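Within every chain, numbering begins at 1; the chains are lettered A, B, ... in the order of the sequence lines, protein sequences first and strands thereafter. Here the structure is a predicted model, which means the values were calculated and not measured.
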Amino acid sequence: MSIEIYIDLILVIFLAITALAVIYVRNLFAVAMLSGIYSLLMASIFVVLDAVDVAFTEASVGAGISTVLMLGVLAITGNREKISYKSSLLPLLIVIGTGSLLVYGTWDLPMFGDPYAPVHMHVAPEYISNTYKHTGMPNIVTAVLASYRGYDTLGEVGVIFTAGVGVLLLLSRKKMNKHTNAKNKLEDKS
Amino acid sequence: MELVISHINYWVAILLMMIGFYALIARGNLVKTIVGLNIFQASVFLLYITFGKVSGGTAPILQKNTELYSNPLPHVLILTAIVVGVATTSLGLALVVRIYESYGTIEEDEIAELDSKEED
Amino acid sequence: MKHHTIPRVIAKLAIPGIILFGLYVQFHGDYGPGGGFQAGVIIGAAMILYGLIFGLDALKSVAPQKIVTSLIALGFLLYAGVGIVTQLLGANFLEYGVLAHSPKEGQHIGIILVEIGVGITVAAVMIIIFYMFAGRKQ
């Protein structure tokens with residue numbers, strides 16, 4: 001057993017604790033900070049699992065941009081979560097049921113890091129052995145992203161474009177008077 | 001112990017997924033719901049990257065004297081998924097801001113109450 | 001945060017470094033970890049840091065909202081445009097081999113152009129999202 005498996009073990013346990021804390025904590029500013037920590041831990045796990053490109057993205061997106069966005073929203077909406085008196089028994093049962101079914105499904109999955117797992121048998125070796133011949137660049141992830149699967153990436157850029165336009169449409173309209181809108185409607189009716 | 005080490009990443013991914021799922025269905029605060037959605041999403045990323053790992057392999061950047069690389073395909077999928085994820089999250093947060101501006105609250109039950117009052 | 005000296009000085013020192021690092025990530029993506037998605041996010045983060053420290057108006061005078069909005073579309077069009085150009089040169093959509101004399105060189109040019117398109121769109125979307133949320137507060 002190599003050392004990286006133990007590092008991975010410790011990091012995933014931290015990750016689980018952070019996620020539980022996100023659910024438990026009611027101060028939403030703390031939730032924003034915890035979700036930043038969650039992303040940073042996730043990025044560290046990606047480095048241990050050899051996905052350096054992904055770790056890079058997760059660190060800059062999750063720990064950087066999302067936290068700023070979340071704080072921006074909380075500055076507008078306030079940071080307290082209301083204590084709800086709704087029973088959480090049914091959701092808990094659903095979650096435990098689904099989770100145990102999924103865990104039952106993991107018995108058939110390949111061992112962690114197994115080089116003969118089906119996922120490594122089909123197209124991946126082809127990319128690894130031919131990328132340099134075809135494109136002349138050593139970073140396989142970039143080559144697959146931009147060249148072999150360029151059409152997909154065009155679609156992804158389209159999704160980001162659409163999301164940006166969506167945010168522009170939703171938030172660039174003039175602000176209506178806070179709180180009064182819904183109440184005014186009520187008064188008009190009565 | 002062997003079994004735990006070889007499956008712990010799958011189990012943690014499932015645990016995170018269920019934590020996110022719980023936040024989605026049980027919590028009424030809209031910001032918390034979106035954080036839950038993010039946790040759910042990140043757990044899928046973890047699952048994919050775990051599939052791509054080859055023990056003893058290195059990061060898929062070609063270099064001399066190395067033969068064994070981890071599988072680059074999950075990395076490509078997840079790389080774009082993360083950026084698309086933050087774009088869609090911001091769309092969700094924009095909706096939350098608009099809901100707050102017209103209802104004055106981001107709690108689901110209060111919004112439903114305001115709506116039912118309006119119908120009467 | 002204009003009246004806090006320490007964040008202001010640190011930001012002034014850090015922002016050029018962050019932008020330079022973003023450009024390095026953008027153009028070194030073929031050889032090391034990196035590429036358009038990461039570079040776009042890093043450059044967007046540098047701009048957002050500037051906006052957080054020096055105020056939204058200062059950022060808007062550096063990157064006017066109209067220009068950033070059109071950059072969102074420009075990046076996407078650059079990406080699609082490379083595909084159209086390869087089609088006009090007689091190859092398939094986004095088949096970069098025909099962009100230069102040898103297929104390998106063409107691949108290099110194509111991938112760099114496409115990554116620039118991705119980087120522009122991602123950075124512009126991040127900045128616009130920040131504009132929208134921060135502008136809503138006042």
Handout entry: Pair Tyr127(A)-Arg149(A), side-chain hydrogen bond (donor to acceptor under 3.5 Å, both in side chains): steps then yes or no
Key = CA-CA 11 Å; Tyr127(A) 284 129; Arg149(A) 290 274 171 268; 3.3 Å; yes
Exercise for the section: Decide side chain to side chain contact (heavy atoms under 4.5 Å, CB included) for Leu23(C) and Ile43(C); before the verdict, give the C-alpha distance in whole Å, the side-chain angles of both, and the deciding distance to 0.1 Å. Expected result: CA-CA 8 Å; Leu23(C) 290 174; Ile43(C) 290 174; 4.3 Å; yes
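Contact of Phe93(C) with chain A is made through the side chain alone, with heavy-atom distances under 4.5 Å. Of the atoms belonging to Val25(C), it is side-chain heavy atoms, and not backbone ones, that fall under 4.5 Å from chain A. Proximity to chain C (any heavy atom under 4.5 Å) is restricted, for Val68(A), to the side chain, taken from C-beta onward. Contact of Phe37(C) with chain A is made through the side chain alone, with heavy-atom distances under 4.5 Å. In this structure, the portions of Ala73(C) lying under 4.5 Å from any heavy atom of chain A include both its backbone and its side chain. In this structure, the portions of Leu154(A) lying under 4.5 Å from any heavy atom of chain C include both its backbone and its side chain.
Taking the centre and axis of the six-membered ring of Tyr50(C), the NZ or CZ atom of Lys12(C) falls outside the cone set by 45° and 6.0 Å.
Taking Ser60(A), Pro138(A), Ala163(A) one by one and counting their heavy-atom pairs under 4.5 Å with chain C, the maximum is reached by Pro138(A). Each of Val54(A), Val52(A), Thr135(A) has some count of heavy-atom pairs under 4.5 Å with chain C, and the biggest count is that of Thr135(A).
Under 3.5 Å, the side chains of Glu95(C) and Thr86(C) contain no donor-acceptor pair of N or O atoms.
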